[in-house]
Amino acid sequence: MLTPVRSRLARRGALPLAIAALLLAGCGTDTTTGGSTDEPGTPVDGGTLRYVVPGSPATASNDPHGGLGNESDLMRFALTYDVLTVPGADGTPQPRLAQTWEANQSLDRWTFHLREDATFTDGEPVLAKDVLYSLTRIADKAAENYGRLADFDMAAASAPDDHTVVLATRAPMAEAPKALESISFVVPEGSTDFAEPVGGSGPFRVTETDAQTAVLLRNDDWWGERPHLDRIEIRAVADPQARAAAVTSGQADVAGSVSPAAVKAAEAGGDVQVVRRKGVTEYPIIMRLDSAPFDDPRVREAFRLATDRQALVDTVFLGYGQIANDLPTPYDPSYPQDLTQRTRDLDRAKELLEEAGHADGLKLTLHTTTSYPGMDTAATLWARQLAEVGVEVDVKVEPADTYWTAIYAKKDFYVGYYGGISFPDLVRVGLLAASPTNETAWRNASFDAEFNAAMGILDPAERNSKLARIQQDLWRDGGYVVWGVGDGLDLTSPGVHGLPDGPGFQRMFIERAWKTR
Amino acid sequence: MTRLRGNAVAPGVALAVFTLALLGRSLAPNDPEQPVAVPWSAPSTQLPFGADALGRDVLSRVLAGGANLLGVALTAAAAALLIGVALGLAAGWWPARAGRAVRWLGDLLLAMPALVLALVLAVALPGAAAVVVAAVLSGAPLTARVVAAQCATVRDSGYLHAAVERGEHGAVVLIRELLPALRGLVAADVGLRLITALQLATTLAVLGFGPQPPDPDWALMLSENLPGAALNPTALLAPAVPLALCALLCAATARTATREREGVW
């Protein structure tokens with residue numbers, strides 16, 4: 001009776017952060033997961049796909065440049081507008097509206113060449129001025145969208161001709177095309193009224209919307225390969241249980257982002273498919289390096305060694321996930337592959353605690369919340385694991401609606417959340433001395449210098465090897481216990497195929513999906 | 001005979017359930033905080049109610065999970081009742097001075113919904129304290145009101161006049177002579193105060209203001225076990241049933257007491 005109210009509050013409180021984390025990049029490399037929807041078979045044309053997506057009708061919006069607080073809105077935008085680049089299966093940005101791009105020597109001027117055959121639904125061609133207008137509008141709405149394009153200096157951007165835009169970044173930015181992935185929705189120049197959906201140039205067009213449901217029809221004038229589906233119905237449902245139930249009861253074809261428990265139950269019931277998207281959910285333990293007892297590296301190391309990672313993955317994610325190695329971005333292309341996996345070593349952990357002067361035990365309070373399924377379970381189980389090395393951890397479950405303002409980046413010991421952020425973005429938001437939410441108080445001048453040097457390197461392999469180097473420091477000395485990464489889980493009815501199972505916002509681009517009949 | 005049995009069933013069962021809940025921890029077959037199985041395991045012979053999110057024994061957690069909740073509810077109900085009866089007696093006995101103050105205060109407090117009061121208090125106080133204070137603030141005025149009304153009707157009885165004439169002190173007359181006459185009324189009120197306190201304690205715990213993990217607690221288990229409802233529904237039902245039972249028994253006890261007082265069957 002009371003729980004629906006709470007989960008609604010929970011979601012509202014947590015969303016800004018989740019969205020911020022996701023928008024900040026969300027891209028990995030590992031996309032080899034067998035989403036069970038990609039079995040061979042000849043795609044069938046036609047049909048309607050009914051997709052239930054996380055979203056709250058109360059906060060629905062038609063503005064693709066605002067906060068994007070609802071995934072249901074985001075999916076509609078991804079299908080009805082073109083973006084400059086899309087996330088590719090290998091984690092690198094792929095062409096969409098921008099066909100090719102290149103940078104100047106110093107990597108702070110990026111030239112994007114637009115395709116010439118894109119048209120808005122009113123028949124007008126998509127031109128460079130529309131792109132500049134849209135990107136400037138996103139930059140102007142920084143307060144609403146967490147500074148999504150803050151790294152770009154839109155005042156210095158220009159359009160040399162109708163199909164070329166030159167963007168300026170505030171600092172050398174090797175990953176500019178990636179920063180424009182997924183969220184650079186292009187609307188016609190001069191669009192100011194978003195009370196009703198504004199026409200786009202994407203693979204589908206909106207025919208009807210209300211706060212909860214949007215009906216999209218295929219846009220036969222789209223420049224890309226013709227989508228198989230005739231129609232997509234997007235329904236916003238806030239409760240994950242209700243989304244899963246919509247598929248098991250046959251009211252929907254796809255349920256986005258459901259809980260491990262719901263997937264396990266649905267699998268036991270049979271007749272559903274599961275799409276597993278790797279590297280989506282992470283509940284790291286955050287320890288602030290500037291406060292006792294975490295200012296002692298031996299304590300941090302002992303806590304990491306006391307962690308039973310597999311037990312946590314099996315319990316919190318019910319096995320739908322992988323163990324991790326105390327780095328928050330194991331799916332990033334820059335992840336140091338040769339890193340030794342930390343494993344449980346209770347004797348060594350006890351030794352370290354003794355050396356640090358905690359031979360007679362430690363008593364700490366770990367904050368957690370219920371914003372995301374399993375955050376509280378993770379804290380409770382980890383606390384038990386630490387009890388085995390004589391550390392008494394009291395778990396305090398905080399209200400979800402105030403957690404991200406009162407606890408996150410404020411307390412010195414709590415359960416955090418990451419939703420597929422890239423390593424460079426993680427560093428910018430949380431690991432530089434001047435980062436806005438340096439939640440582990442990681443301040444390291446040589447780390448900052450090496451990071452900035454790496455970000456000025458255009459060659460991805462060379463850049464990633466430099467980034468891998470600094471992650472070694474973070475692995476050894478940082479303030480994270482990252483015990484595992486959970487899969488993103490979508491549930492589909494048996495006839496659905498061709499859904500994306502890649503990282504980050506790739507899941508929103510479902511125009512290649514098809515349905516057997 | 002029938003009369004007697006009908007009279008004793010509800011209070012008797014209530015007493016048994018409360019005793020079981022308060023002593024349950026010692027009867028638990030497993031450590032209620034130790035994972036012993038795969039998360040959300042279905043009921044089996046080893047684990048009659050299956051396992052919860054961490055793989056802990058639900059039966060053990062149900063046995064251990066009532067003590068704190070019922071303890072808080074009983075304390076809250078007792079406090080509300082004591083303060084309410086005291087205020088009600090005072091108001092009924094000295095209607096001019098105490099009566100007006102109690103009525104005025106009661107009107108003020110009753111204008112505030114108990115749940116909102118409890119939620120506001122929970123921000124500043126520990127969960128259990130918030131339940132007790134909210135139960136007193138919302139329950140005592142009600143008790144005081146009925147007690148005062150009843151007190152006013154028996155105030156002019158001959159035996160009370162006799163006691164006063166004997167020169168006994170006012171407070172002694174209230175407690176020794178008047179209170180026994182209100183026995184049935186107070187007994188009926190216990191049940192109502194207890195239901196309110198139980199509701200408040202449950203609500204705060206479900207919202208996360210009460211006991212913290214890994215403590216077993218019926219109300220907390222409701223929110224902990226909801227995500228696994230499809231995998232192990234027993235984990236959700238197991239704490240819900242005793243919670244509902246306690247509330248029902250309180251209501252039945254209150255009704256029995258009322259009937260006894262009024263002689264209605």
Side-chain angles (χ1 to χ4, degrees), chain A residues 1-7 9-10 239-241 244-245 248 258-269 308 311-319 365-370 372-385 387 393-403 406, chain B residues 31-42 50-56 61 115-116 118-120 122-123 126-127 199-217 219-233 235-236 239-240 243-244 247:
Chain A
M1 9 112 223
L2 282 152
T3 314
V5 177
R6 185 180 65 151
S7 39
L9 287 174
D239 185 60
Q241 310 263 16
T248 46
V258 297
S259 71
V263 167
K264 210 174 166 198
E267 278 189 322
D308 183 346
L312 279 157
V313 169
D314 288 346
T315 303
V316 177
F317 299 133
L318 296 179
T365 299
L366 176 71
H367 303 268
T368 186
T369 186
T370 49
Y372 296 93
M375 277 183 90
D376 48 345
T377 318
T380 312
L381 184 57
W382 191 70
R384 284 203 70 83
Q385 296 178 354
V393 177
D394 279 336
V395 174
K396 176 100 180 67
V397 183
E398 307 283 352
D401 48 341
T402 51
Y403 192 77
Chain B
D31 178 350
E33 292 171 15
Q34 177 68 42
V36 291
V38 176
W40 306 121
S41 299
D52 72 355
L54 281 175
R56 298 171 296 200
R61 288 182 70 73
L115 185 54
V116 175
L119 283 172
V120 171
V123 175
Q199 275 178 348
L200 288 175
T202 308
T203 308
L204 287 200
V206 167
L207 290 174
F209 290 109
Q212 295 292 316
D215 289 356
D217 179 88
L220 192 59
M221 287 172 75
L222 288 181
S223 54
E224 281 176 349
N225 294 348
L226 189 64
L231 289 170
N232 183 13
L236 195 57
L243 255 179

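Under the side chain to side chain donor-acceptor pair (under 3.5 Å) criterion, A:Asp394 pairs with A:Lys363, not counting sequence neighbours. Taking the side chain to side chain donor-acceptor pair (under 3.5 Å) definition, one finds that B:Asp217 meets it with nothing, sequence neighbours left out. Every residue two or more places apart in sequence or in another chain that forms a side chain to side chain contact (heavy atoms under 4.5 Å, CB included) with A:Gln385 is listed here: A:Thr307, A:Asp308, A:Ala311, A:Leu312, A:Arg344, A:Leu381, A:Trp382.
In this structure, B:Phe209 CZ and B:Thr203 OG1 are separated by 11.5 Å, a value rounded to the nearest 0.5 Å. Interatomic distance, NZ of A:Lys396 versus CG of A:Asp376, reported as 13.0 Å (0.5 Å rounding).
Residues from residues 258-266 of chain A that place a non-hydrogen atom less than 4.5 Å from a non-hydrogen atom of chain B comprise A:Ala261, A:Lys264, A:Ala265, given in numerical order.
Closest heavy-atom contact between B:Arg56 and B:Pro214: NH1-CB, 3.6 Å.
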